[in-house]
Amino acid sequence: MKSRPVLISAIILTIIVEIILIILVNNKIGGERLPTQIGRLIVQIILILWVLNSKSNIGLFLLTAYHIVTGLFGMYSRGSEELLGQILIGFHLIIGLVIYFHDWIEDKIGIKNVG
């Protein structure tokens with residue numbers, strides 16, 4: 001298995017942000033959105049496990065698509081005019097690109113892949 005520090009870092013950051021969002025939304029409006037948010041987290045974890053345990057790039061593409069589509073849908077949501085909404089839109093779009101192009105980024109910053 002390759003050492004993929006940019007991909008692993010992006011995945012860890014994604015999970016941390018998702019957990020923080022679950023906590024913040026739960027504290028602000030209660031548990032009514034909790035099932036949807038946990039469902040999103042489960043989908044992400046399934047895609048992440050697929051990416052990390054597969055030699056195929058299908059999981060990588062789907063994880064990237066998930067983030068980009070989420071960012072694009074966020075642009076047209078009610079909260080998109082608020083600063084946090086804009087930050088989350090940017091996060092999803094950027095993290096999607098970082099996940100997909102992690103090999104290229106690692107090459108550009110001089111990280112050698114092992115394996």
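Along the sequence shown, the residues carry numbers beginning at 1.
- Residue Leu97 is not grouped with residue Phe73 when hydrophobic side chains (ILVMFWY) are merged at heavy-atom distances under 4.5 angstrom, including chains of intermediate members.
- With rounding to the nearest 0.5 Å, the separation of CD1 in Ile11 from CD1 in Ile15 is 8.0 Å.
- Note: the hydrophobic cluster containing Tyr100 does not contain Val69 (ILVMFWY, side chain heavy atoms under 4.5 Å, direct or indirect links).
- With rounding to the nearest 0.5 angstrom, the CD1 atom of Ile23 is 10.0 Å from the CD atom of Gln37.
- Here the straight-line distance linking atom CD1 of Ile22 with atom CG of Asn27 works out to 12.0 Å at 0.5 Å rounding.
- In this structure, the side chain to side chain contact (heavy atoms under 4.5 Å, CB included) partners of Leu13, at least two apart in sequence or on a different chain, are Val17, Phe91, Ile95.
- For Val98, the side chain to side chain contact (heavy atoms under 4.5 Å, CB included) partners at least two apart in sequence or on another chain are Val6, Ala10, Ile94, Ile105.
- Placement of Ile16 and Leu52 within a single hydrophobic cluster is found when ILVMFWY residues are connected by side-chain heavy-atom separations under 4.5 Å, directly or transitively.
- By the side chain to side chain contact (heavy atoms under 4.5 Å, CB included) test, Leu72 is found to be paired with Ile68, Met75, Leu93, residues two or more places apart in sequence or in another chain being considered.
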Which donor-acceptor pairs under 3.5 Å do the side chains of residues 28-35 make with protein atoms, sequence neighbours left out?
none

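- The salt bridge (Lys or Arg N to Asp or Glu O under 4.0 Å) pairs that include a residue from residues 66-77 number zero, where partners must be two or more places apart or lie in different chains.
- With rounding to the nearest 0.5 angstrom, the CD1 atom of Ile19 is 10.5 Å from the CD1 atom of Ile38.
- The minimum heavy-atom distance linking His102 with Leu60 is given by the pair CE1-CD2, 3.9 Å.
- For residues 88-99, no pair satisfies salt bridge (Lys or Arg N to Asp or Glu O under 4.0 Å), with sequence neighbours left out.
- Sorted by first and then second residue, the salt bridge (Lys or Arg N to Asp or Glu O under 4.0 Å) pairs involving residues 84-98 (not counting sequence neighbours) form an empty list.
- Applying the side-chain hydrogen bond (donor to acceptor under 3.5 Å, both in side chains) criterion to His92, with sequence neighbours excluded, gives His67.
- Follow the hydrophobic side-chain contacts under 4.5 Å out from Leu62 and you reach Leu7 in the same cluster.
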When the side chains of residues 42-50 are checked against the rest of the protein, which donor-acceptor pairs come out under 3.5 Å, sequence neighbours left out?
{"unit_1": "Gln44", "atom_1": "NE2", "unit_2": "Glu18", "atom_2": "OE1", "d": "2.9"}
{"unit_1": "Gln44", "atom_1": "NE2", "unit_2": "Tyr66", "atom_2": "OH", "d": "3.3"}

